[in-house]
Every structure is written in structure tokens, then in C-alpha cells.
There are 2 protein chains.
Amino acid sequence: MTKRAARAATLTDVARRAGASTAVVSYVMNNGPRPVAAATRERERVLAAAAELNYRPNRVARALRSRTTGVVGLVLADASNPYFGALARHIERALGARDKLTLTGNADYSADRQQDLVERFLAAQVDGLVIVSADGGADVAAEAEAAGVPAVYVHNRPASGHSPVVSADNDAAVHTAVTHLRSHGHDRVAFLAGPHDAGPVGHRRAAWESAVGRTDDTLLRCAYARAAAAALTRDLVARGAMPPALITATDEQAIGVLAGASAAGLSVPGGLAVVSLDGTPDSAHTAPALTVAEQPLRAMARRAVGVLLDGADSASAEAVPPASLIVRRSCGCGSG
Amino acid sequence: MTKRAARAATLTDVARRAGASTAVVSYVMNNGPRPVAAATRERERVLAAAAELNYRPNRVARALRSRTTGVVGLVLADASNPYFGALARHIERALGARDKLTLTGNADYSADRQQDLVERFLAAQVDGLVIVSADGGADVAAEAEAAGVPAVYVHNRPASGHSPVVSADNDAAVHTAVTHLRSHGHDRVAFLAGPHDAGPVGHRRAAWESAVGRTDDTLLRCAYARAAAAALTRDLVARGAMPPALITATDEQAIGVLAGASAAGLSVPGGLAVVSLDGTPDSAHTAPALTVAEQPLRAMARRAVGVLLDGADSASAEAVPPASLIVRRSCGCGSG
DNA sequence: AGGCGCCATGACAGCCGTTTTCACCGCCAC
DNA sequence: GTGGCGGTGAAAACGGCTGTCATGGCGCCT
């Protein structure tokens with residue numbers, strides 16, 4: 001057994017044991033701002049003492065003194081949504097690569113709860129804030145800025161304000177999807193948007209309009225839940241109103257459409273060609289597998305972290321990595 | 001514009017402005033261990049001063065003095081897996097209800113990285129550790145215990161050690177699933193396990209064996225990836241070796257099986273009845289919808305947080321909430 | 001009615017563990 | 001002999017909590 005968990009060893013303990021001052025120990029631990037003689041450092045001195053005591057520097061004390069915690073707050077709409085989950089994982093990894101810890105909170109699509117989380121994170125003295133919001137909400141970055149904490153939005157733009165935003169290039173993604181479906185001979189390509197035009201989905205809808213020109217009967221709307229998309233699909237098929245080619249704003253909706261089509265006896269891609277715009281891991285394993293314009297989540301995460309930590313080099317703050325088309329079966333490819 | 005972000009207001013600032021001592025302000029802010037006269041508290045005094053200065057107590061300083069950070073570390077195998085994502089969300093909520101913040105890290109199924117995360121969290125002086133590991137790894141809880149930090153495993157048990165564990169009742173879940181499939185007239189129920197018997201999946205396999213008695217040709221194995229399950233399914237169908245009723249250890253596998261069956265032209269539930277054992281949100285929207293023995297994620301999260309924070313009341317540390325059978329279509333119900 | 005002691009408040013100051021400034025001390029080279 | 005210079009140590013923050021002590025008013029007892 002190692003010694004009882006009486007109290008963790010402190011820098012003072014190490015210093016005493018090594019017969020040096022706390023300053024020297026500090027210099028050794030972080031290759032300090034000042035040099036330390038190699039002899040002092042190793043030979044029967046600080047390094048040895050630290051090892052013997054199993055010393056682990058206390059980040060809280062360090063944070064108090066240095067006014068930087070090495071912690072970044074991540075406000076997430078909903079970690080159980082695979083799209084956000086995947087994004088969160090990439091953000092956490094990107095942050096970890098910069099030696100930051102990630103404080104995560106789920107806002108559950110509520111603006112109030114998002115606000116509350118920001119408040120708590122700010123009290124915890126985070127070094128920065130990453131906001132992944134589903135539907136806007138007030139610009140929490142303003143509050144963060146007032147506290148001197150940088151903030152960046154990912155995926156979605158706040159309702160107002162001029163905070164840095166990192167999002168995929170929706171125009172390019174939609175254009176790619178439309179072009180691909182047209183190459184399958186579909187001259188009319190419908191679009192399944194969200195219930196309203198807030199957030200990235202609104203931009204995607206706008207991009208679609210500019211790509212194909214709006215025709216009222218080919219703009220569909222429904223909630224993001226799979227069940228809603230499935231119900232809409234069954235209804236459209238029953239009324240004979242289902243267009244032959246469709247782009248969905250999100251994978252969730254696409255999966256719902258697939259489920260609805262299956263239930264209604266409509267074959268995909270035979271009777272309906274579908275392309276989605278997220279590209280979550282889920283999309284690879286639907287039946288049939290979804291063709292998607294995949295969002296470069298990893299690149300977005302890295303860019304967001306870069307913008308947050310290296311200052312918003314504002315010229316490039318909104319630069320967007322390109323979406324890539326992943327061709328699977330739901331568009332009509334490879335199925336003869 | 002509010003005042004420049006020169007420096008956040010401190011308790012001392014508030015005290016000075018209110019004409020009181022820092023002690024009094026502290027007492028007011030946390031309904032302190034000592035009472036404060038109502039007049040001092042409100043009337044043109046501390047509360048007013050705090051509001052005017054937009055004072056926000058510094059959690060770092062508080063943590064240093066009180067030796068408790070109000071932060072719990074959550075080590076997750078992979079946030080982009082919907083099962084873990086959903087679990088993470090419930091854990092974060094349960095912790096939030098107890099006024100704790102959640103430091104999240106993805107181990108990406110690597111024991112080394114898991115170890116590294118625990119190390120970092122310990123240095124950050126977390127008040128507790130929740131470990132959601134996919135495949136064991138060393139018992140990191142021992143290290144936490146040595147540092148005086150409580151830890152609890154969720155979903156999976158460590159390879160060794162006697163740390164508290166919260167997991168679903170796999171025996172009951174498997175039993176429920178087997179019973180249900182038998183009620184559909186299937187006397188032989190196969191089981192799709194993982195590549196090896198580590199972790200909860202191993203327990204599920206064992207539970208299945210004790211429920212039906214092992215028959216070699218009805219124990220299947222494959223990796224957890226959907227693609228692997230799909231490939232296995234296509235292969236079995238092609239060889240005419242697919243059993244008529246199957247329980248899968250995870251939703252991911254079940255979804256892969258569905259995809260594989262669809263590709264191979266095998267109808268579900270007509271030619272194959274499937275029941276899965278996770279019950280993630282995904283399972284509700286497959287085609288056909290999956291019947292699952294749903295794990296009570298929310299209850300597991302709450303129990304884990306209770307065990308962690310209220311001390312491992314060891315008698316109940318491993319008590320398990322029951323899994324509930326969600327009947328959908330893949331088992332043969334409701335499809336005629 | 002007067003004195004004593006107690007309770008309710010409030011103030012002071014030290015402490016939590018680290019970083020970092022500043023001063024200091026030899027020692028070597030000029 | 002003096003001016004660096006590599007190395008070291010004491011001590012002051014950082015911001016909030018809390019044990020100890022001071023004070024003043026009140027009630028109770030005689």
C-alpha cells in the first residue's frame with residue numbers, strides 16, 4: 001500500500017524534502033522562466049523528491065495565480081444527437097491537443113439553459129467558450145467578451161452579434177448535392193427544410209433556392225425528429241405527392257424519410273432518390289446507405305479551436321472547409 | 001457599453017463599495033455559515049453593490065480555499081457513439097442537478113488515453129470521477145482513491161479492483177428478450193456477441209447462455225461496427241445459415257444486421273426476428289423499427305451520481321434498475 | 001434600578017498552493 | 001576591485017473562506 005490519502009503532497013513538501021526553495025521546485029516543474037542547475041534539478045534533489053512524494057501540481061492554485069485555468073467551456077445543444085456528439089468529440093480532441101481541458105454542458109435546445117451554462121462556465125474562469133447551438137438564442141458571446149473571455153460559435157450563428165463563427169460551407173454542400181442528383185437525371189430536386197429558417201438549416205434552404213429556383217411544391221418542411229420526417233413521408237406517398245428526388249437538411253430527417261418510405265412501400269432509390277447534408281457516422285449504415293454531402297467536422301473543430309485560442313484572426317475567422325460528397329446508394333448510384 | 005473588461009470585480013471590491021468587510025460579503029453570497037442582518041444584506045449594501053459591479057464569485061479561488069472544485073471528471077470511451085453520447089448527457093444533467101460541472105474527455109477506446117485523462121482530471125482537482133469505458137482497462141479508480149477522489153464506473157466494470165459499478169441488469173434484459181422471442185414461437189434464439197467476452201457484452205452473452213443453454217451454431221460473434229454486422233449477415237444469408245430469431249448485444253450491431261438483411265433480400269421480421277439490448281434513440285427509427293430491451297440510461301446516470309457523491313453506500317452500490325422491453329416491429333409484433 | 005453575561009453582528013487576519021518579482025550571493029573575467 | 005551572471009531564496013500576490021476576537025445591545029437576576 002502506498003501512504004494513506006492524508007493529503008496530497010504540495011510544492012512546499014517537495015521543496016522541504018529536496019532542501020530547496022519553492023521557487024526552484026516551480027522552475028523545475030515547468031522548465032521555469034528561470035534556469036536551474038542540472039545538479040539541483042536531478043541529482044538527489046527536486047525531481048527525485050517529487051517522484052518519491054508522487055507530487056502532482058495543483059492546477060487550481062496555479063490557475064488562481066496565473067489567471068488562466070487551461071479549461072474551455074463547451075456548450076452543446078444535445079450530446080445524444082450523433083451529429084453534435086461527433087462534433088463534441090472532435091472539439092475535445094482539438095482542445096486536448098492544445099493542452100486544454102473541456103468543460104461540457106448540454107443546453108437541451110433551451111436558450112435559458114444555454115445562458116445558465118455560460119454563466120456557470122464564466123464563474124469557473126474558463127479560458128474560452130465554444131458554443132454549439134441548434135437554434136440561435138441570444139448572443140452569449142457578448143457576455144463572455146464583457147468578462148474578457150473569447151468565444152466562438154460552431155455550426156450555428158447567433159441570432160445577433162458579430163462573434164466569430166465556424167460553419168461548413170452550406171452553399172457548396174447544397175450545390176454539390178443538387179448537381180449530383182441532376183446527374184441522375186432529376187431535373188426537379190425538392191428540399192426538406194426545418195420547421196423554420198433559423199440557423200444553418202435556413203442557410204441550406206436558401207442555398208437550395210438559389211441553386212434550383214424555388215418552386216413551392218418542392219419545398220417541404222418538418223421538425224428534425226426522425227419520427228416527424230417518417231410521418232411526413234408516409235403522408236406524401238399516400239397522397240401521391242412525393243417528389244422523385246429530395247435533399248434533406250439533416251441526416252436525422254433523411255433517416256426518418258427512409259423509415260417512412262420503407263413503411264409506405266416506396267423503394268429508395270428506385271422511387272425516391274435521397275441525399276442528405278450532414279454525413280454523420282449513422283448515415284453510412286442505413287438501408288439503403290445514404291449519399292451525403294459530408295460536413296468536415298474534424299476540420300471545423302480544429303479551426304474553431306484555432307480561432308478561439310489564437311485570437312480571431314478575423315480575416316479567416318469564417319473561412320470554411322469544403323464539404324465532400326460521399327456517394328452511397330440512396331441517390332441511385334451503384335444500384336443499377 | 002458596459003465598462004471595459006479591465007478586470008472582473010472581486011469580493012474585495014464589493015466589500016469596499018458596500019462599506020463592509022469581505023467576511024460579510026462572503027456570508028451574504030453563500031447564505032454564509034454565519035447570519036447577516038437583513039439591513040446590511042439588502043438596503044443599499046452588499047446585494048446592491050454586488051449587482052452594480054456585476055460581481056461573479058471566482059470559483060477558482062473558492063476551490064483553492066475550500067478544497068472542493070464542484071467539478072466532476074467524465075471519462076468517456078467515445079462521445080460520437082450514440083449510446084455513450086446519450087449516457088453522457090444524462091450524467092451531465094444528473095451532475096448539474098447536484099450543482100456540479102462536468103469535465104469531459106474522450107478516451108477513444110484506448111486504455112492509455114483513459115489513463116492520461118484520469119491523470120489530468122486529478123491534477124485539476126476534480127471532486128469525483130465517472131468512468132464510462134468500453135473495454136475494461138486497468139482500474140483507474142485505485143489511483144483516484146489514492147488521491148482521495150471517489151470514482152464510479154458506469155456501463156462497464158474494470159478489469160480488476162473493487163470500485164463501485166453501476167450497470168444495467170443484463171440478466172434481466174436478456175431474459176426479457178429471450179422470453180419475448182419465444183412467445184413468437186421461436187424455440188431457438190441465437191445471440192450476436194462481441195469479438196471477445198470482455199465487458200457488459202460478455203455478461204450479456206453469459207446471461208443468454210444460461211437462459212437458453214449454449215448451442216454452438218447459435219452463438220455468433222462480430223465486431224461492434226455496423227459494417228461488420230452487416231457483412232456477417234449477408235454472409236450468413238448467402239450460406240443459408242441465418243437463424244430465424246436473433247438477439248444482438250448492441251444496437252449498433254442490430255442496425256448493421258438490418259442493413260445486411262435488407263441488402264441480402266431477407267425480410268425482417270418475416271424471415272428474421274431481431275431484438276437488441278441497448279435501446280438508444282436510434283433504435284426507434286430503423287426500418288423496421290427495432291424491438292429492444294432498453295437500458296434505463298437516465299436511472300443509471302442518477303444512481304451513478306448518487307453513489308459518487310453520497311459515498312458508496314456499498315450495499316446498494318451495484319443495485320441495478322430494471323431494463324424495459326420496448327416492443328416495436330423487428331420482433332414480429334404488429335406486422336401481421 | 002443596576003450590573004452581568006450572552007447573543008447577534010461584524011471585522012481581522014491567516015490560510016489554501018503556486019507563480020514570479022526582487023534581492024542576494026558567490027564566482028569568474030576583466 | 002568591480003561588473004556581470006548563473007543560481008538561489010524569501011516573500012508578495014491571486015481571491016475567497018472562516019476561526020478568532022471585538023463590540024454593542026438586550027434580558028435577566030438580584
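Proteins get letters first, then strands, A, B, ... in listed order; numbering begins at 1 in each.
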Hits for side chain to side chain contact (heavy atoms under 4.5 Å, CB included) against B:R67, two or more places apart or cross-chain, chain-then-number order -> A:R7
note: B:R56, atom CZ; D:dG16, atom P; distance rounded to Å ~ 12 Å
Residues in residues 116-126 of chain B with a heavy atom under 4.0 Å of DNA chain C, by number, are none
Q) Would a 4.5 Å heavy-atom cut-off, applied to side chains only, mark A:V72 and A:V126 as touching? A) no
In whole angstroms, the gap separating P of D:dG16 from CE of B:M29 amounts to 9 Å
Quick one: does any side-chain atom of A:D78 pair with a main-chain N or O of A:D108 as donor and acceptor, under 3.5 Å?
no
Electrostatic pair A:R113-B:E92, nearest N-O below 4.0 angstrom: yes
Footprint ends on DNA chain C, 5' to 3', for atoms under 4.0 angstrom from a heavy atom of chain B, come out as C:dT9 to C:dG17
Q: Looking at every strand, decide which applies to A:S66 at a 4.0 Å heavy-atom threshold: base, sugar-phosphate, or nothing.
A: nothing
Pairs under 3.5 Å (N/O, protein and nucleotides 9-12 of chain D):
residue : atom : partner : partner atom : Å
D:dG9   : OP2  : A:S21   : N            : 3.0

Electrostatic pair A:R98:A:D127 at N-O distance under 4.0 angstrom: no
> Quick check: does any side chain N or O of B:T280 sit under 3.5 Å from a backbone N or O of B:P82, one acting as donor and the other as acceptor?
Replying inline: no
Tell me what B:L11 touches on the nucleic acid: a base, only sugar-phosphate, or nothing, going by heavy atoms under 4.0 Å. sugar-phosphate
Quick note, side chain to side chain donor-acceptor pair (under 3.5 Å) partners involving residues 53-63 of chain A, not counting sequence neighbours, are A:R56-B:E119
In short, the helix from C:dA1-D:dT30 to C:dC30-D:dG1 is bent end to end, axes from five pairs each side, to 10°, by 50°
query = Could B:R120 and A:D99 be called an ion pair, given the rule that one side-chain N must be under 4.0 Å from one carboxylate O?
reply = yes
(message) Classify B:V36 by what it touches in the nucleic acid, base, sugar-phosphate, or nothing, heavy-atom distance under 4.0 Å.
(response) sugar-phosphate
